[in-house]
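Being a predicted model, the structure only gives us computed values, none of them experimental. Chain letters run A, B, ... following the sequence lines, proteins first, then strands; residues in each count from 1.
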There are 2 protein chains.
Amino acid sequence: MTDSVRNIVIQKLADGDYSCPKEFTLAMFSGKWKINIIYHLGHEGTYYFHEIQTLLPNASHKELAKKLKELISDGLINKNVENDGPHIKVAYSLTDLGKSLLPIINEMYDWGKNRLQEIHMENVKFGLGEIKK
Amino acid sequence: MTDSVRNIVIQKLADGDYSCPKEFTLAMFSGKWKINIIYHLGHEGTYYFHEIQTLLPNASHKELAKKLKELISDGLINKNVENDGPHIKVAYSLTDLGKSLLPIINEMYDWGKNRLQEIHMENVKFGLGEIKK
DNA sequence: CCGTATCCACACCGATACTG
DNA sequence: CAGTATCGGTGTGGATACGG
């Protein structure tokens, strides 16, 4: 998904418009890969940038960096630069604010899992001709 | 926000890829105005198309119709056409599946409300110079 | 190793207008 | 009243490359 909600919300805040709390929350994790980043950091702890890359192999280097930057500016994750030898390693982890989002994301996970199972079963039945509908 | 998650998820389903339940759920209500539509229908019941238009005055006629159509095809809302006199009235309401999404949206509302209050207070304090940071 | 810039394709969404 | 088509501006995100 894209991210236009986030820009709209940012604009609203700049205008002193504090309406629509649910859109604000949605803006936190809509935007490609964000919900996955939060989920992984929430369930498995700290990751280095290159580790996140391997966790999300389809995410481009550029977008990952961009989304991590946005998550930082939204206060959801921390960044920690380690000067480890010749190269730099950057560690990311959830802030307390980021952690407070986990219950919602977990609920989304559960809802989606149930719904996907339903759809899958419907498709199988449909494919076998057991349901005409 | 935009809607590309939804297309990605639809594509995944077509490919038999049932991974990433949280992205699937996210795809249900990301897309401009969708979360507001679900919220209103969930809290206040059935609305006619033109009523939804007045509830969301900034939403264009076209996008509203499009998003409602998507919500129907996702199984979240029902459509009911009434032949009421010279003109047609179309009533929309949540399905049981749509209702099952309300706890998540309500949690998003609460999280956003709290967070917006925090931000607002920080800004006020910052504006008054009470916090340097 | 990590961040950012450029270029480009494409999807979204608004305004508008036309149909039933 | 409700749905759809067209056109055009704009934002998103991928590939690639360069800088720190």
How long is the line joining CG of B/Asn83 and P of D/dG3, in whole Å? 13 Å

Expressed in angstrom and rounded to an integer, what is the separation of B/Asn80 atom CG from D/dC1 atom C1'? 15 Å

Please examine the side chains of B/Leu94 and B/Leu102, heavy atoms only from C-beta on, and report whether any two atoms are closer than 4.5 Å. yes

How are the rings of B/His40 and B/Tyr47 set to each other: parallel, tilted or perpendicular (split at 30° and 60°)? perpendicular

Please report, rounded to the nearest Å, how far the C1' atom of D/dC1 is from the CD atom of B/Glu82. 12 Å

Are the side chains of B/Arg6 and B/Asp74 in touch, meaning some heavy atoms are under 4.5 Å apart? yes

Would you indicate, yes or no, if C/dG14 has its OP1 or OP2 atom less than 4.0 angstrom from a side-chain nitrogen or oxygen of B/Lys32? yes

Below 4.0 angstrom, which residues in residues 41-54 of chain A have at least one non-hydrogen atom near DNA chain D? none

So do the side chains of B/Met28 and B/Ile38 get within less than 4.5 Å of each other, counting heavy atoms only? no

Which nucleotide sits closest to the side chain of A/Lys62: C/dC1, D/dG13, C/dC13? D/dG13

Atom OH of A/Tyr92 and atom C1' of C/dC1: how far apart are they, to the nearest Å? 11 Å

Can you check whether A/Tyr39 reaches A/Asn36 side chain to side chain, under 4.5 Å on heavy atoms? no

Rounded to whole Å, how long is the line connecting atom CG of B/Leu68 with atom C1' of D/dA2? 11 Å

Between B/Trp33 and C/dG14, is there a contact of a side-chain N or O with OP1 or OP2 at under 4.0 Å? yes

Whole angstrom is fine here: how far is it from CZ in B/Arg6 over to P in D/dG13? 17 Å

Applying the side-chain contact (heavy atoms from CB on, under 4.5 Å) test to B/Tyr92, which of B/Ile37, B/Asn78, B/Ile52, B/Thr46 qualifies? B/Ile52

On DNA chain C, more 5' by nearest nucleotide between B/Ile88 and B/Lys66 is B/Lys66

Looking at the side chain of A/Lys79, which of C/dT4, C/dG3, D/dG14 is the nearest nucleotide? C/dG3

Residue A/His87, side-chain heavy atoms: nucleotide from C/dC13, C/dC1, D/dC1 that is nearest: C/dC1

5' precedence on DNA chain C between B/Leu64 and B/His61 (nearest-nucleotide basis): B/Leu64

Starting at CG of B/Leu71 and ending at P of D/dG3, how long is that distance when rounded to a whole Å? 13 Å

Verify the contact: side-chain N or O of B/Lys69 to OP1 or OP2 of D/dA2, cut-off strictly under 4.0 Å; return yes or no. no

Plane angle bin for A/Phe49 and A/His61 - parallel if under 30°, tilted between 30 and 60°, otherwise perpendicular: perpendicular

Just the rounded figure in Å: distance from C1' of D/dG13 to CG of A/Asn36. 15 Å

